[in-house]
Amino acid sequence: MPESLDAQISCLVDYLREARCLLILDNAESLLSGEQRTGQFRPGYEGYGQLFRSVGETRHQSCLVVTSREKFKSLSTKEGPDLPIRSLRLAGLPQAAGQAVLGEKGFAVSAEASQALVAHYGGNPLALKIVATTIQELFGGDVGLFLQQGAVIFGDIADLLEQQFNRLLPLEKEIMYWLAIQREWMTLTELQADLLPPVAIRHLIESLESLQLRSLIEQRLPKDGHPLSFTQQPVVMEYVTESLVQSVFQELVRGPLELFNSHALTRAQAQDYLRNTQIRQTLQPLANKLLAQWGSQETANAELQQVLLELHKNSVSQSGYGAGNLINLLGQLKVDLCGLDFSNLTVRQAYLGGLNLQRVDFSGADLAQSVFTQTLGILFSATFSPCGKYLAIGIGNAVHLWSINDNRPVLTCQGHSGWVQSLAFSPDGQSLASGGHDQSVRIWDVETGQCLKTLKGIKGAVQTLTFSPEGSWLSVGGYDQTIQIWRTKTWECCQSLQGHAGRVLSVIFSPDGIILFSSGEDQTVHLWDVETGKSKEVFEIPVNWALSIALSPDGKMLATGSDRTSVKFWDVATGRCLRILPNYTSEVWAVVFSPDGKQLATASEDKTIKLWDVETGYCLRTFQDHTQRVWAVAFSPDGETLASLSDDQSLKLWDVASGRSLRTLTGYSNGIFAIAVCPNGRWLASSGEDHLIRLWDLETGECTRALAGHTNLVTAIAFAPLEGMGSAGSYLATGSDDQTIKIWDYQTGDCLKTLKSHRDWVGALCFSPVCSAPSGVSELLLASGSHDQTIRLWDGYTGEPLQVLEGHTHRVKTVAFSPDGRYLASGSDDQTIKIWDPVSGTCLQTLTGHEGLVLAVAFSPCGQWLVSGSADRTLKLWNYQTGECLQTLAGHEHRIRSVAFLPGGEYAVSGGDDQTVRVWNVLTGELLHLLREHSKTVWSVAVSPGAPFIFSGSEDETIRIWDGSSGNCVRTLRIPRPYEGMNIQGATGLTPAQRTTLRALGAIDGG
């Protein structure tokens, strides 16, 4: 054998010429260096490169096959279909072949299970054989049991990946970590934007090429609108993710902070499903490791506060991802962030929605890539713009225009003094109409946010509005039972359509604009001739709610949510029910057709949205992520996205094709819905939108206890009488939209009983004020009123249901006992007040005269009179025994929500949607005080039993205490807001709209 390398290679080539030979070099990546860019030979092995070139460049009749996980850089110029060196990239096995490999071990594997395994391991035959052995030996051949473990990296597979990963250069590892964090395709631009410190595009391209040559990443070439992008096979992604979590864990425990600063563990601005996956795969495992290491949340909090100090000390750390990672990690550990100092730090990719950030210092911080709680107020309505780029949202009394692409507010339109419950874009997208509970419609310029016109003369709250297809007409319907049609050129009302016997729930134009469909609470659907204003047809079609009706795009079929839990399709021509969707068991709140009419989306009480095939009635997909009832749903104009609104105070955007949650707009509102004062005047109970009942010490003004247990809004509170009640003197009853009543011991905070009989929301409660009731009735008598149109009487001690009082034809909104307990009054949306004998359950009197919903009733302390408040903006004083109306008090500008008598009985207090509290002399009708310090609806008023103090609870999240004699506000009680005292002075990266929202949530901003 010759001694020189050249002579040895020449000798080998001669043999290859003389005979037809096959040479195989397996696992040739072992010849390559792990300390240089890919394809470079290790020191001392460079001769292999000369061998490969000689074999490739010399004519012979043999073949050299080299297998490697990395390509040889020096040979790339000699590769090609017509060149002597060919490069073949081995793809993974297809599903059928992979199933055959798995089946060689002798256990049964289904096509679905084999597909999951092949996908996990990229079809790698060796990995599949290793997995098959493990399934056979450790899991007894049970593939399903193996897949449940979720552990796809182990044993020899982990060793192989570790060898490859350890050979990577630092920048290559950086890229691998980012691809594992992203978990989906990443473009060059996205990678370059994420890398810290910044990397030149040339170095980035070189590293990506190197990783591709090492077979560690996948490439997607530009096609079908997708840019050039990169990702990893699942098995590689899982290994890199585990490596990242372990490395960051070591940094946090032992230091120094490197990956913790250079990589975002989760991306706050990612689509919801991606961010949730990142939390599940990266942040939660890291949090679990840290808790196991440190033993408790308290220790974890102390250790991570030391990390925060380190971030402040290190100038490099100040601009990295460390601060954002720390906030996300503290949130995942459920550690209190109150008072922490993030001043002058760059806070990247921190998801702050839903976190309590009271007194946190963000002064001088860069918050550009962070996501905060995004809205202030109750979400009431939403609709897509015709171009699909914007979403208009009714939040409280304001209209917000939201950019869908960058998930940021564009405009805020202020002007309504009541909830904005309906929205509609003009067909050209230049104007937006909004209808409010303030009995007005406003027309807004979409580009500037300017109010172009206010339509007045509407006599009730606006429930629904819509433009005609060509934009010539605007139809408006609501509580006054009429439909108005306005000409958009002149904004004149040219038609007033009357025919419904109750509130108008919805109006829809036919595709040609000739017919107007309307649904009402009277369980009818009218078809109107737009030109003449005549009713063409009236169909008896029960509709659950305003959004529970939709017209197909071709105008031939109606879909409705009916009879609570049914979805029905109706023939427009005949009014005949065509079919009912099968197996629907939850109350239907909204239905909407897709733009092409082939699919129907429904929103339900069960917290889901379902997508149905209209032709077959088959449920195609269920969208699940909301935590409360979903009551609105809308398709984007292209039919690719769904928007949903829920009582969990969120708006979600969904990908229709995959069912994934794309974006969530989180709102915060904790308005005060109900208040009650203890008979001894020491305690006040309040309820808000967070489902909690709070006890306030009126001597100190402090909230001393919060009672949790209801799962929906609490809208009714009542204290039991003290005198003669013994232990029951500390009883408190609460009623909720979760259809239950709870009895509490408010001194201990214990929930004593939960009463369940009502079939709908419980919005009214009162205890009989006497402790020894007539024979046959409980000594602690509780009355409840519900949206199920009934009043129920309960034994407050035992929780036993005693009687059901029926007679109202609509929701019961208010109940009150007379001072002697002999009479019970109830007010309803049927515009009547009924007086009942609580012993016999007999209706003694029905009081009529209000022209709107009766929302509040109260007996005078002497028991001689009854006062009522209504949506017709008036209070009425009644002789309830004769049914005579003694006085009508007018002055409120919008509906009256609550009434109460001051102790003397001469004066009554009222509060309502006009944001005022008013004190009246009920005998003369004189307005004594007009109290204006609330900024939103006053939901509830109460009085102190032994002193002239008035209490008012408002949607503005405050409880105000007033001196009834002078009308002065003497104290304001407020639940701390989530960002109370948070310092954002000098912070950058916030839009003006974001600053406004943060200030409203309690933040301090110097500019």
Side-chain angles (χ1 to χ4, degrees), residues 674 676 679 715-721 725 731 733-735 741 743 755 757-758 762-797 799-848 850 853-870 876-883 898-901 905 908 942:
T715 53
I717 301 177
F719 280 97
M725 286 291 98
Y731 280 13
T734 57
I741 300 162
I743 309 293
L755 315 183
S757 285
H758 281 296
V762 180
L765 286 174
C766 64
F767 280 102
S768 174
V770 296
C771 58
S772 62
S775 175
V777 180
S778 166
E779 290 188 351
L780 185 60
L781 186 62
L782 175 68
S784 61
S786 168
H787 284 211
D788 64 10
Q789 306 180 14
T790 69
I791 300 105
R792 292 178 183 267
L793 300 181
W794 310 81
D795 185 319
Y797 283 115
E800 178 188 356
L802 302 174
Q803 285 199 72
V804 180
L805 310 183
E806 297 180 300
H808 282 295
T809 59
H810 217 307
R811 294 173 293 217
V812 177
K813 291 292 185 63
T814 177
V815 292
F817 275 104
S818 61
D820 59 9
R822 294 176 58 194
Y823 300 100
L824 174 70
S826 60
S828 167
D829 282 0
D830 64 11
Q831 305 183 11
T832 70
I833 301 155
K834 290 185 179 292
I835 309 298
W836 308 83
D837 180 339
V839 177
S840 67
T842 305
C843 179
L844 305 174
Q845 192 76 250
T846 297
L847 312 181
T848 60
H850 278 298
L853 321 178
V854 180
L855 302 175
V857 294
F859 283 93
S860 61
C862 63
Q864 186 175 354
W865 307 303
L866 179 80
V867 69
S868 59
S870 169
K876 290 184 180 291
L877 185 70
W878 307 84
N879 180 325
Y880 59 90
Q881 293 186 345
T882 67
S898 183
V899 296
F901 271 99

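We use all heavy atoms of the structure for the numbers below, so side chains are in, but hydrogens, waters and symmetry mates are not. Quick caveat, the model's predicted, so the values are computed rather than measured. Numbering of residues begins at 1 and proceeds along the displayed sequence.
- Checked against side-chain hydrogen bond (donor to acceptor under 3.5 Å, both in side chains), Thr734 has the following partners two or more places apart in sequence or in another chain: His710, Trp744.
- For Thr846, the side chain to side chain contact (heavy atoms under 4.5 Å, CB included) partners two or more places apart in sequence, or in a different chain, are Thr832, Lys834, Cys843, Thr848.
- Taking both residues in full, the closest heavy atoms of Pro819 and Pro769 are given as O-CG, 3.3 Å, listed atom of the first, atom of the second, then distance.
- Under the ring-ring contact (aromatic ring centres under 6.0 Å, His included) criterion, His787 pairs with Trp761, sequence neighbours left out.
- In this structure Phe901 satisfies the ring-ring contact (aromatic ring centres under 6.0 Å, His included) test with no other residue, sequence neighbours excluded.
- Taking the ring-ring contact (aromatic ring centres under 6.0 Å, His included) definition, one finds that Phe817 meets it with nothing, sequence neighbours left out.
- The line from CD1 of Ile717 to SG of Cys766 is 14.0 Å long, rounded to the nearest 0.5 Å.
- Of all heavy-atom pairs between His810 and Asp830, the closest is CB-N, 3.5 Å.
- When all heavy atoms are compared, the tightest approach of Ser826 to His808 is OG-NE2, 2.7 Å.
- Residues passing the side-chain hydrogen bond (donor to acceptor under 3.5 Å, both in side chains) test with Thr715: none are found, sequence neighbours excluded.
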I'd like to know whether Leu755 forms a side chain to side chain contact (heavy atoms under 4.5 Å, CB included) with Leu782, so could you lay out the CA-CA distance, the side-chain angles of the two residues, the decisive distance to 0.1 Å, and finally the verdict.
CA-CA 11 Å; Leu755 315 183; Leu782 175 68; 4.2 Å; yes
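- Taking Ser870 as the reference, Asp872 meet the side-chain hydrogen bond (donor to acceptor under 3.5 Å, both in side chains) condition, with sequence neighbours excluded.
- Remark: Gln845 engages Ile835, Leu847 in a side chain to side chain contact (heavy atoms under 4.5 Å, CB included) (not counting sequence neighbours).
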Can you check side chain to side chain contact (heavy atoms under 4.5 Å, CB included) on Val854 and Lys813, steps first, answer last?
CA-CA 7 Å; Val854 180; Lys813 291 292 185 63; over 6 Å; no
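- Nearest heavy-atom pair across Trp794 and Ser784 is NE1-OG, 2.9 Å.
- Closest approach of Ser768 and Pro721 over heavy atoms only: O-CG, 3.5 Å.
- Among residues two or more places apart in sequence or in another chain, the side chain to side chain contact (heavy atoms under 4.5 Å, CB included) test is passed with Ser786 by His758, Asp760, Asp788.
- Checked against side-chain hydrogen bond (donor to acceptor under 3.5 Å, both in side chains), Thr842 has the following partners two or more places apart in sequence or in another chain: Ser840.
- Among residue pairs with one or both ends in residues 855-866, none qualify as side-chain hydrogen bond (donor to acceptor under 3.5 Å, both in side chains); sequence neighbours excluded.
- Rounding to the nearest 0.5 Å places CG of Leu780 at 7.0 Å from CG of Asp795.
- Just one of Asp837, Thr790, Val815, Leu824 meets the side chain to side chain contact (heavy atoms under 4.5 Å, CB included) condition when paired with Leu805; it is Leu824.
- Partners of Tyr880 under the ring-ring contact (aromatic ring centres under 6.0 Å, His included) rule, at least two apart in sequence or in another chain, are Tyr823, Phe859.
- Closest approach of Pro861 and Gly905 over heavy atoms only: CD-CA, 3.5 Å.
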